[in-house]
2 protein chains.
Amino acid sequence: MQEILSALAEPNRLQIVELLRRKPLAVGEIVERLGLRQPQVSKHLRVLSDAGLVEVRPLGQQRIYRLRAQALKELDGWLDPYRRTWNERFDQLDDVLRDLKGKDKERKDGRRK
Amino acid sequence: MQEILSALAEPNRLQIVELLRRKPLAVGEIVERLGLRQPQVSKHLRVLSDAGLVEVRPLGQQRIYRLRAQALKELDGWLDPYRRTWNERFDQLDDVLRDLKGKDKERKDGRRK
DNA sequence: CAGACATATTCCTTTAGGCGTATATATGAC
DNA sequence: GTCATATATACGCCTAAAGGAATATGTCTG
């Protein structure tokens, strides 16, 4: 998860991922579409690959990269517990206020849950 | 989006977010639970706040940080187009092979990763 | 007011990572 | 084999950003 997030955190890599959303591409195609230099694209693809976000298949002398759904599903799964939370009451601040003060202080502002 | 991702890419910050998933916390509580030093926690919270991932409310001399659902929803929304894709056929490689070669050569690479 | 507590900010050092250039590796055509 | 093409890797440079220590800011109590 950590690896996935830091892979996506780099702007050019995020662009690559979004490019690959449409369809798998060879390195050279990514190079020309993003206007980056070939070595940087290869390096970024390496990082994305290590993070499990893309996979490669050779086709002649070129390498076709495509997205791996699994990695994105992992990210999606990470969001799961948060989804549950933000549908309930997300402003539990008042509860915490009570926790922190706790010792039956008076509540002069009159706020309640 | 970019900002959200790079904020989450830092391991300690990701931990802070996961801590705050349960309930809002004061800075000092985060410090003791994560075993980090107070200035670093404040700095990380600053980054998270700039990215819109958390918000603060003062409570006496402490500051209560809590998650902002909105930011996570944004991330969730970013995944949307991918969700659609990975439910269909995600392995369009063969299509692309045909596109690139145009003629049907043999297909026996068989190598993985 | 002083003094405590909680948090934020500043300054400095160190490290991680991105970019550019050059080069290495691999495959196909001849 | 040589050459061309496609991609990967290595090396050095440079900037962003993380960590540490000290200090500033802010708030409460007496």
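Reminder, nothing fancy here: chain letters follow the sequence lines and each chain counts from 1.
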Verdict with reasoning, B:Leu20 to B:Ile30, per side-chain contact (heavy atoms from CB on, under 4.5 Å): CA-CA 9 Å; B:Leu20 293 181; B:Ile30 300 176; 4.3 Å; yes
Please state how far atom CD in B:Glu3 lies from atom C1' in D:dA16, giving the value in whole angstrom units. 14 Å
Step by step, work out the side chain to side chain donor-acceptor pair (under 3.5 Å) result for B:Ser42 and B:Gln38. CA-CA 6 Å; B:Ser42 281; B:Gln38 179 265 317; 3.1 Å; yes
Taken to the nearest whole Å, CG/A:Leu59 to C1'/D:dA6 is 11 Å
Residue pair B:Tyr65/B:Gln61 against DNA chain C: nearer the 5' end by closest nucleotide is B:Gln61
What integer distance in Å separates B:Leu45:CG from C:dT7:P? 10 Å
Below 4.0 Å: OP1/OP2 of C:dA8 and any side-chain N or O of B:Arg63: no
A:Arg46 side-chain N/O to D:dA8 phosphate OP1/OP2 under 4.0 Å: no
So, under a plain 3.5 Å distance rule, would you say the side chain of B:Gln38 forms a donor-acceptor pair with the base of C:dA8? yes
In whole angstroms, the gap separating P of C:dG18 from CG of A:Leu34 amounts to 15 Å
Between B:Ile30 (CD1) and C:dA6 (P), how many Å, whole number? 14 Å
I'd like to know if A:Lys43 reaches the base of C:dG20 with its side chain, counting only an N/O donor and acceptor under 3.5 Å. yes
Please state how far atom CD in B:Gln2 lies from atom P in C:dG18, giving the value in whole angstrom units. 11 Å
Which whole-number value in Å describes the distance from A:Leu36 CG to C:dG18 P? 12 Å
From D:dT7, C:dT7, C:dT9, nucleotide with atom closest to B:Pro39 side chain: C:dT9
Any side-chain heavy atom of B:Arg33 sitting closer than 4.5 Å to one from B:Leu25? yes
Does A:His44 place a side-chain N or O at less than 4.0 Å from the phosphate oxygens OP1/OP2 of C:dG17? no
What I want to find out is whether B:Lys73 reaches B:Asp76 closely enough, with some N-O distance under 4.0 Å, to be called a salt bridge. no
Here's a test of your reading of the structure: between A:Gln40 and B:Val27, which maps to the more 5' nucleotide of DNA chain C? B:Val27
Please determine whether a side-chain nitrogen or oxygen atom of A:Arg37 lies at a distance below 4.0 Å from atom OP1 or OP2 of C:dT21. yes
Mind checking B:Pro58 for me? I need base, sugar-phosphate or nothing, with any heavy atom below 4.0 Å counting as a touch. nothing
Note, B:Arg57 side chain near B:Leu59 side chain (heavy atom, < 4.5 Å): no
Within residues 10-18 of chain B: residues closer than 4.0 Å to DNA chain C (heavy atoms): none
Are side-chain heavy atoms of A:Tyr82 and B:Leu75 found at a separation under 4.5 Å? no
Rounded to the nearest 0.5 Å, what's the gap from OG on B:Ser6 to CE on B:Met1? Could you check? 10.5 Å
